[in-house]
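Every chain is numbered from 1, with letters handed out A, B, ... down the list of sequences. Given the structure is predicted, the values throughout are model-derived calculations rather than measurements.
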Amino acid sequence: MGYEITTPIFYVNAAPHLGHAYSTIVADVLARHHRQRGDDVFFLTGTDEHGEPVANVAADRGITPQQLVDENAPKFEAMGGPLEASNDFFIRTSDERHKAAVQEFLTLVKDNGYVYEGDYEGWYCPKCADFKTESEIAEGNTCPIHGIPLIREKERNWFFRLSAFQEQLEQLYAERPDWVVPAVRRNEALAFIRNGLQDVSLSRNAISWGVTVPWDPEHVFYVWWDALLNYRTALRFGRPGHDLTDSHWPPVHVIGKDILKFHTIYWPALLMAAGVEVPEKVLVGGFLLVDGAKMSKSKGNVLDPFEAVETFGADAVRFYLLREVSFGSDGSVSLDGLRSRYETELANDFGNLASRSLAMVRRYRDGQTPDVAVDPAIGAEFEGLPGEVARLLDGGQISQALDAVWQRVRRLNRYVEEQAPWTLAKAEKAESASRADLDRVLRTLVEGVRATAVLLHPWLPASTEKLLAAIGCPDLDWSGAALGAGPAPAVGELEPLFPKDVGDA
RNA sequence: GGGCCGGUAGCUCAAUUGGUCAGAGCAGCGGACUCAUAAUCCGUCAGAUCCAGGUUCGAGUCCUGGCCGGCCUACCA
């Protein structure tokens, strides 16, 4: 089954930061999970390269917009590596193939009768060469940047008939109450729709950096339409030699709450206008805060994702961001918080569980996992777990899915204490017990470690692979996520998965 | 102004359609154990679930009115 998962495409004007990394990680978790389930995954990310800000910066620097984006886009493309992002393609909206597909799509929308010519009227600053929104206008109708009076201006423009989709959008929200997750964001979008939709402009003629409107070459498309369409155009050429448009549509989008309106109102309306199915789901993340405030460099405690990756590794940063803040909510993150979870959860809970389990198999059974059945008591507590995790992930409950697995990690540590394998080993030597008890415990532990590693793989790709290799069970397929599905392997040596002597400097 | 969401142990948060739901993790304190990355496990502590009314046999969970906080309220991307 085809599965398209996307991040927002990042605007090339800024440098990659934590917010970009966060979206990428969330989407990557879903991509990896669906690969485990055997889906034909197309994980897409990329850069949004058109629009006025890019043109302005390029002009200031005396280079062409294309030169500017060619310089910046690689910084975003390079972000994926350190994060272990497994995207299948990286789209750039200045790609000719994208532009051609955008023109084709929007021409269809026009042919369907949803585009008309009109006048955009608003407050214009001649120095900015830009229209100002209501919230941008300073006191006395002046420009907040230049302080000069704004002029009421009209611009000849192409419009998209958004108002025509009022009813269809309301119906969409009624029929599919969880197509936007979480519900707060859904309600927000719905309230906006119910307030009444006005038509929005489709093109600009004051600037030239964008996708040319084919039926009116003096205009370029307003950058948002061009940007949104990346999710669809990339299916055509993102996998060389294959057109995935039919097999992988509709997509699942991961976005931040700042771009909610575009993805949950404009975008589905545009698709409806072209007679194309709307997205499967839109998963809306919150903001990551540092010390309760939006990220800023003024505090010393900023979390630079790339520095953090260098110190703690990509797995730890991925895990931390999704563990610390419940996906969909705003949340505070910090380097101290990362260090704390790295030690208490990754090193002490999970890493140590793996170490002690393998060590005992090596010590008591010469490294050969006994080929016996797992303890039914633990089996019962893992029952249905893969299904639960899959269901939670499909519902956008990324943090809850992770927590469900983590509870089992804790359970296995408790199991060790309950069973006290070292006591069983002594009893065995004193011949006051058969080997069966210790056999069962060791097999249960190895199998528990294996199954949780398979389940955790989307969050911790590198360390789970290392662990699974150490126990000779590299298979990541979702069918192996069930406790008891694995073999009774010979286990090898395992270095600490999350060594503690990092980041102490 | 209108709308949405939240206000639960020191901290971060859970509690299906109202009925052992007053919980978990972290932090603190005490203890046990030794397989393990001085890791793990157990016990313990606390909370009139923002306030005031109301509905009900029974309400964090529903209604009304307040208080506090966050967000949205259209074309920067």
[atom1] atoms of [N] and [M], separation to the nearest Å:
N	M	atom1	result
B:C45	B:G23	C1'	15 Å
B:G19	B:C62	C1'	14 Å
B:G66	B:A24	C1'	32 Å
B:A9	B:C35	C1'	35 Å
B:U17	B:G1	P	32 Å
B:G7	B:C51	C1'	11 Å
B:A38	B:C33	C1'	13 Å
B:A27	B:U64	P	42 Å

Checklist entry - Do A:Ser201 and B:C75 share a donor-acceptor pair, side chain to base, under 3.5 Å? => result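 Under the 3.5 Å cut-off, the side chain and the base do form a donor-acceptor pair.
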Next on the checklist: For B:A36, does the base pair up with any side-chain atom of A:Asn352 as donor and acceptor (N or O, under 3.5 Å, distance only)?
Outcome noted: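 Present.
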Using distance only, find each side-chain donor-acceptor pair of residues 438-446 of chain A under 3.5 Å and give its atom names and separation, not counting sequence neighbours.
{"from": "A:Asp439", "atom 1": "OD1", "to": "A:Arg365", "atom 2": "NE", "distance (Å)": "2.7"}
{"from": "A:Asp439", "atom 1": "OD1", "to": "A:Arg365", "atom 2": "NH2", "distance (Å)": "3.0"}
{"from": "A:Arg440", "atom 1": "NH2", "to": "A:Asp437", "atom 2": "OD1", "distance (Å)": "3.4"}
{"from": "A:Arg443", "atom 1": "NE", "to": "A:Val372", "atom 2": "O", "distance (Å)": "2.8"}
{"from": "A:Arg443", "atom 1": "NH1", "to": "A:Pro487", "atom 2": "O", "distance (Å)": "2.9"}
{"from": "A:Arg443", "atom 1": "NH2", "to": "A:Gly486", "atom 2": "O", "distance (Å)": "3.3"}
{"from": "A:Thr444", "atom 1": "OG1", "to": "A:Asp375", "atom 2": "N", "distance (Å)": "2.8"}
{"from": "A:Thr444", "atom 1": "OG1", "to": "A:Arg440", "atom 2": "O", "distance (Å)": "2.7"}

Side-chain N,O ([X]) to OP1/OP2 ([N]) below 4.0 Å:
X	N	answer
A:Asn13	B:A77	no
A:Tyr222	B:A77	yes
A:Arg356	B:A39	no
A:Lys500	B:A39	yes
A:Asn195	B:U73	no

In whole Å, I'd like the distance from the [atom1] atom of [X] to the [atom2] atom of [N].
X	N	atom1	atom2	value
A:Asp226	B:A77	CG	P	11 Å
A:Ile259	B:A77	CD1	C1'	9 Å
A:Phe350	B:G25	CZ	P	19 Å
A:Leu260	B:U73	CG	P	9 Å
A:Leu190	B:C71	CG	C1'	16 Å
A:Ile193	B:C72	CD1	P	17 Å
A:Glu49	B:A77	CD	P	15 Å
A:Arg341	B:C13	CZ	C1'	10 Å

What nucleic acid atoms does [X] come within less than 4.0 Å of, heavy atoms only: base, sugar-phosphate, or nothing?
X	result
A:Asp330	nothing
A:Pro421	nothing
A:Trp224	base
A:Leu197	base
A:Arg185	sugar-phosphate
A:Phe262	base
A:Glu188	sugar-phosphate
A:Arg410	sugar-phosphate
A:Leu497	base

Next on the checklist: Regarding A:His98 and A:Asp226, do their side chains bring together a donor and an acceptor under 3.5 Å, going by distance alone?
Outcome noted: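 Indeed, the side chains of A:His98 and A:Asp226 share at least one donor-acceptor pair under 3.5 Å.
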Checklist entry - For residues A:Thr93 and A:Asn230, is any side-chain donor paired with an opposing acceptor at under 3.5 Å? => result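 No donor-acceptor contact under 3.5 Å links the two side chains.
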Item to check | Counterpart base for B:U40, defined by Watson-Crick or G-U wobble contacts under 3.5 Å | outcome: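 Check on B:U40: paired to B:A32, both distances under 3.5 Å.
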Checklist entry - Can you tell me the Watson-Crick or wobble partner of B:G6, both distances under 3.5 angstrom? => result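 In the structure as shown, B:G6 has B:C68 as its Watson-Crick or wobble partner.
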Checklist entry - Which of parallel (below 30°), tilted (30 to 60°) and perpendicular (above 60°) describes A:Phe327 and A:Tyr22? => result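 Judged by the thresholds at 30° and 60°, the geometry between A:Phe327 and A:Tyr22 is tilted.
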Next on the checklist: With the 90 degree cut-off around zero defining syn, does B:A24 come out syn or anti?
Outcome noted: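 B:A24: anti glycosidic orientation.
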Item to check | Anti or syn - B:G6, cut at 90° from 0 | outcome: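 Anti, which is what one calls it when the glycosidic angle falls more than 90° from 0.
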Next on the checklist: Under 6.0 Å between ring centres: does that hold for A:Trp158 and A:Tyr116?
Outcome noted: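 Here the rings of A:Tyr116 and A:Trp158 have centres that are no less than 6.0 Å from each other.
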Checklist entry - Between A:Tyr114 and A:Phe165, does the ring centre distance come in under 6.0 Å? => result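 Distance test on ring centres: under 6.0 Å, yes.
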Item to check | Closest non-hydrogen atom pair, A:Lys466 against A:Pro496 | outcome: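 Closest approach of A:Lys466 to A:Pro496: NZ-O, 4.0 Å.
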Item to check | 5'-most by nearest nucleotide on RNA chain B - A:Ala191 or A:Gly51 | outcome: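 Taking each residue's closest nucleotide, the earlier one in sequence belongs to A:Ala191.
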Item to check | Residue closer to the 5' end of RNA chain B, A:Ser355 versus A:Asn413 (nearest nucleotide) | outcome: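 Upstream on the strand: A:Ser355.
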Item to check | A:Phe262 and A:Trp224: CA distance, side-chain angles, deciding distance, ring-ring contact (aromatic ring centres under 6.0 Å, His included) verdict | outcome: CA-CA 8 Å; A:Phe262 298 98; A:Trp224 259 107; 3.9 Å; yes
